[in-house]
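Since this is a predicted model, take the numbers as computed values, not measurements. Values below: every heavy atom of this structure, side chains too, minus hydrogens, waters and symmetry copies.
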Amino acid sequence: MTTATHPDLASLRERLNAYLNEELIPFEKSSGIAYEDKLSRDFAKTIWKRSRELGFYGLQLPPELGGLGLGVRDLAILKADVAASGAVLFPHVLGDWGGPSRIGNLVKYASPYQREHYMLPVARGEKGACFAMTETQSGSDAASIQTRAVRDGDDYIITGHKHYITASAFADFAVVMCVTDPDAGAQGISAILVDLDAPGVSLTYDYLPMTGQHVDADIHFDRVRVPRANLIGEEGGGFKIAMARVNVNRLLHCPNMIGLARLCLRLSLAYANQRRQFGGPISRFQAIQHMLADMATGLYACEGMVLAAAQKADEGGDVRMEGAMCKLFVSEKCFEIADKAVQIHGNVGVTKNHPVEFAFRRLRLYRILTGTSEIQRNTIAKAILA
């Protein structure tokens, strides 16, 4: 993923690489930070603010929020670089966990009040955000959400339960998808900003994903009073906002997968040349060579299709189908690459929290997040049969 479209992209990549390898990764090692450590919101903010200080945080945001207005294609290139670095804290560097990626597409709908109190603090790394749509009975069927927001004068009163909300562990507020008109179906869903320290809001951490990372929580709303000024856009426009976000978000998960797969390939090449069996490095065995060849070929295919879809998104095209294709193919192919990396590493590859073992677990999770492979196939089939 090397072709630049923004004039500063090459410089950004160089500076980002220097930060990762000369500052962040050495800091992680000296501090003993591991994949499964439970990190506080305050600690996460130190990473966000340092990234902001260096000019990396919120690059996709418009200039009035301190960003560069970076396009989807260039952002994908940077996200892949960060994930490929091997940094444990890589999701915090560009704001995936609680940062600008949670608000990027909402900015155009935000009122001046919402920009000042929610969007700008996120852009500055002062506040974290999460996107709360999924419920226990409403995952892929997003239109079936049950959380209610009832008008009460100049307020909404919100009651409901959001499940497995990514980045909620680092969030100060949530973009909550609520039913404001139960008779209007998807057109009765609205997006409302809710402070997570408001009376009636509680978070529970009753599960841990297979990655062992403390990122997700359930959010409970018990008659939470929120001012109508926190409604994003128009009442009933939330589902449209959510779907626009999901389409690009699916695509932008792919660079993270590509980066992890690139890390797996790099480590596998090094290990195959260093590991000796029967009088020489295992890289001389055709079985190993073929696995490495398949890994490199799969990675090349993933990179190409993501850049093509991202370019279309930057040109204003509808990438619903292409985003689903990328999410499907990249999640499955990158997991296959990680699986081969584990095989090449042998007992090292199945050792808990080795980078290859962690990438294997993380990449398996991506086949579920933001719509399962089966949902992606449904979206693709619907598009090609239309």
Side-chain angles (χ1 to χ4, degrees), residues 38-49 57-58 91-92 95-107 109-111 113-136 138 142 145-150 152 154-180 189-209 213-233 238 241-242 245 249 369:
K38 189 173 185 178
L39 305 173
S40 70
R41 188 189 315 165
D42 288 341
F43 175 82
K45 287 177 181 176
T46 65
I47 306 299
W48 302 346
K49 289 179 180 178
Y57 201 70
H92 290 294
D96 277 7
W97 281 352
S101 67
R102 303 287 150 182
I103 62 161
N105 79 311
L106 301 178
V107 173
Y109 303 102
S111 67
Y113 163 79
Q114 292 167 357
R115 286 192 174 213
E116 181 65 28
H117 288 84
Y118 293 97
M119 308 301 166
L120 274 169
V122 170
R124 294 191 292 254
E126 298 165 358
K127 282 187 176 182
C130 62
F131 188 80
M133 181 163 68
T134 303
E135 299 180 0
T136 52
S138 174
I145 66 172
Q146 299 296 309
T147 297
R148 287 293 310 276
V150 178
D152 184 35
D154 289 332
D155 297 332
Y156 288 103
I157 296 177
I158 299 176
T159 302
H161 172 200
K162 295 297 183 178
H163 179 58
Y164 228 112
I165 303 304
T166 301
S168 51
F170 306 114
D172 295 280
F173 67 90
V175 180
V176 184
M177 305 306 296
C178 308
V179 176
T180 47
I189 295 173
S190 301
I192 301 175
L193 296 160
V194 181
D195 294 300
L196 296 184
D197 62 356
V201 179
S202 60
L203 274 67
T204 55
Y205 304 85
D206 297 332
Y207 48 81
L208 196 61
Q213 294 179 298
H214 302 264
V215 180
D216 316 285
D218 279 19
I219 309 176
H220 305 267
F221 305 94
D222 183 9
R223 294 187 57 78
V224 180
R225 186 172 289 274
V226 180
R228 284 184 60 197
N230 284 23
L231 172 71
I232 302 172
I241 292 172
R245 177 188 182 276
N249 195 42
L369 292 178

Measuring from atom [atom1] of [X] to atom [atom2] of [Y], what distance do you get when rounded to the nearest 0.5 angstrom?
X      : Y      : atom1 : atom2 : value
Leu193 : Phe173 : CG    : CZ    : 6.0 Å
Ile158 : Asp155 : CD1   : CG    : 10.0 Å
Ser101 : Tyr57  : OG    : OH    : 8.0 Å
Phe170 : Arg102 : CZ    : CZ    : 11.0 Å
Asn249 : Leu369 : CG    : CG    : 9.5 Å
Tyr205 : Asp216 : OH    : CG    : 10.0 Å

Shortest non-hydrogen contact from [X] to [Y]?
X      : Y      : result
Thr166 : Cys130 : O-CB, 3.6 Å
Met133 : Ile165 : N-CD1, 4.1 Å
Met177 : Ala191 : SD-CB, 3.9 Å
Leu196 : Ala174 : CD2-CB, 3.9 Å
Ala171 : Ala129 : CB-C, 3.8 Å
Tyr113 : Ala229 : CD2-O, 3.9 Å

Count the heavy atoms belonging to other residues, nucleotides or ligands that lie under 6.0 Å from CZ of Arg41, then report whether that count exceeds 12.
yes

Apply side chain to side chain contact (heavy atoms under 4.5 Å, CB included) to the pair Val201 and Asp195, showing each step before the final yes or no.
CA-CA 8 Å; Val201 179; Asp195 294 300; over 6 Å; no

Show your reasoning for whether side chain to side chain contact (heavy atoms under 4.5 Å, CB included) applies to Gln146 and His161.
CA-CA 8 Å; Gln146 299 296 309; His161 172 200; over 6 Å; no

Evaluation steps, side chain to side chain contact (heavy atoms under 4.5 Å, CB included), between Leu231 and Ser190
CA-CA 7 Å; Leu231 172 71; Ser190 301; 3.7 Å; yes

Side-chain contact, heavy-atom cut-off 4.5 Å: [X] with [Y]?
X      : Y      : value
Lys49  : Arg124 : no
Asp197 : Asp172 : no
Asp218 : Asp206 : no

Verify the distance criterion only: is there a donor paired with an acceptor across the side chains of Asn230 and Tyr156 at less than 3.5 Å?
no

Carefully, step by step, assess His214 and Leu39 under the rule side chain to side chain contact (heavy atoms under 4.5 Å, CB included).
CA-CA 7 Å; His214 302 264; Leu39 305 173; over 6 Å; no

Looking at the rings of His163 and Tyr207, which for Trp means the six-membered one, are their centres under 6.0 Å apart?
yes

Both conditions, 6.0 Å and 45 degrees, for the charged tip of Lys162 above the ring of Phe221: are they met here?
no

List for me each residue that meets salt bridge (Lys or Arg N to Asp or Glu O under 4.0 Å) alongside Arg148, sequence neighbours excluded, and say none if there are none.
none

